[in-house]
Amino acid sequence: MTEIANSPISSCPSCGRPTPAGTRCIYCSTLNDLDLQNLQLDQIRTPEADLQEEGVPHSVVVIEKTGQKLPLRSMKMKIGRDPSNQLVVQEDTYASRHHAWITYEDGDFWIEDLGSTNGTLLNGHPVVRRQRLSAGDKIRVGHTELTFQIENN
């Protein structure tokens, strides 16, 4: 445990990010109603919602079964069965409601399991902590196979 500005900081046991002692990790915590409400607001379709968020490279997740390409337009894309996710795998009963997310931080894309029942695989290996994504990586959420791609513009 380290001390920053008189407030004790420890590492999150799940992802290793610095977390103030006595609080929950903002990345790994169980979703609360406010989180769900914010995710649902993210889904309201406005003309601005189709724009690429500044600073996020053009990248997509390809659903292997259908070939559908879903662009990552913001700093995070949540994946799961719940309709509030940015990538909904509603027909996959092996996927959790809020299964995993892909985030863009400090110039890199990351994949993180959100405490799903059946886990998330990256290139055939379980995602236990957040892991860096590279173009061509294979992601498995439940029984859904995805491919992460970075597109050149």
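Because only heavy atoms are used, hydrogens play no part in the values below, and waters and symmetry mates are left out as well, while side chains stay in. As the structure is a prediction and not an experimental result, all values here were calculated from the model.
No donor-acceptor contact under 3.5 angstrom links the side chains of S116 and N118, judged on distance only. Using a 3.5 Å distance cut-off with no hydrogens or angles, the side chains of K138 and T147 do pair a donor with an acceptor.
Residue Q90 places its CD atom among 12 or fewer non-hydrogen atoms of other residues, nucleotides or ligands, all under 6.0 Å distant.
Between the CD1 atom of I63 and the OG1 atom of T66 there is a distance of 4.5 Å, given to the nearest 0.5 Å. Between the CG atom in L133 and the CG atom in D108 there is a gap of 9.5 Å [rounded to 0.5 Å]. Taking OG from S59 and OH from Y104, the interatomic distance works out to 9.0 Å, rounded to the nearest 0.5 Å. Rounding to the nearest 0.5 angstrom, the gap separating the CD1 atom in I150 from the CG atom in L72 is 9.5 Å. Distance check, rounded to the nearest 0.5 Å: CG of L122 to CD of E112 gives 12.5 Å. One distance of note links CD1 of I102 with CD1 of I111; it measures 4.5 Å at 0.5 Å rounding.
Within the 3.5 Å criterion, the main-chain N or O of Y94 finds a donor-acceptor partner in the side chain of D92. With hydrogens and angles ignored, the 3.5 Å screen pairs no side-chain donor or acceptor of S96 with any backbone N or O of H98. In terms of modelled atom types and a separation under 3.5 Å, the side chain of R81 and the main chain of A95 share a donor-acceptor contact.
The pair E105-R130 meets the salt-bridge criterion, with a side-chain N (NZ, NE, NH1 or NH2) lying under 4.0 Å from an Asp/Glu carboxylate O.
Applying the ring pair (Phe, Tyr, Trp, His ring centres under 6.0 Å) criterion to F148, with sequence neighbours excluded, gives F109.
Within the structure, every pair that satisfies the side-chain hydrogen bond (donor to acceptor under 3.5 Å, both in side chains) test and touches residues 119-128, not counting sequence neighbours, is listed here: H99-T120, D113-T120, N123-D137.
Looking at every heavy atom in both residues, R140 comes nearest to G142 through NE-O, 3.1 Å.
For the pair V61 and M77, the minimum side-chain heavy-atom distance is below 4.5 Å. Side-chain contact between Q149 and K69 is present, with heavy atoms from C-beta onward closer than 4.5 Å.
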Task: Evaluation steps, side-chain contact (heavy atoms from CB on, under 4.5 Å), between L146 and V141 - done: CA-CA 8 Å; L146 310 165; V141 172; 4.2 Å; yes
- [ ] Decide side-chain contact (heavy atoms from CB on, under 4.5 Å) for K78 and Q86; before the verdict, give the C-alpha distance in whole Å, the side-chain angles of both, and the deciding distance to 0.1 Å.
- [x] CA-CA 5 Å; K78 202 161 270 214; Q86 287 79 19; 3.2 Å; yes
TODO: Might you work through the side-chain contact (heavy atoms from CB on, under 4.5 Å) test for L70 and V60, ending with a clear yes or no?
DONE: CA-CA 5 Å; L70 298 164; V60 295; over 6 Å; no
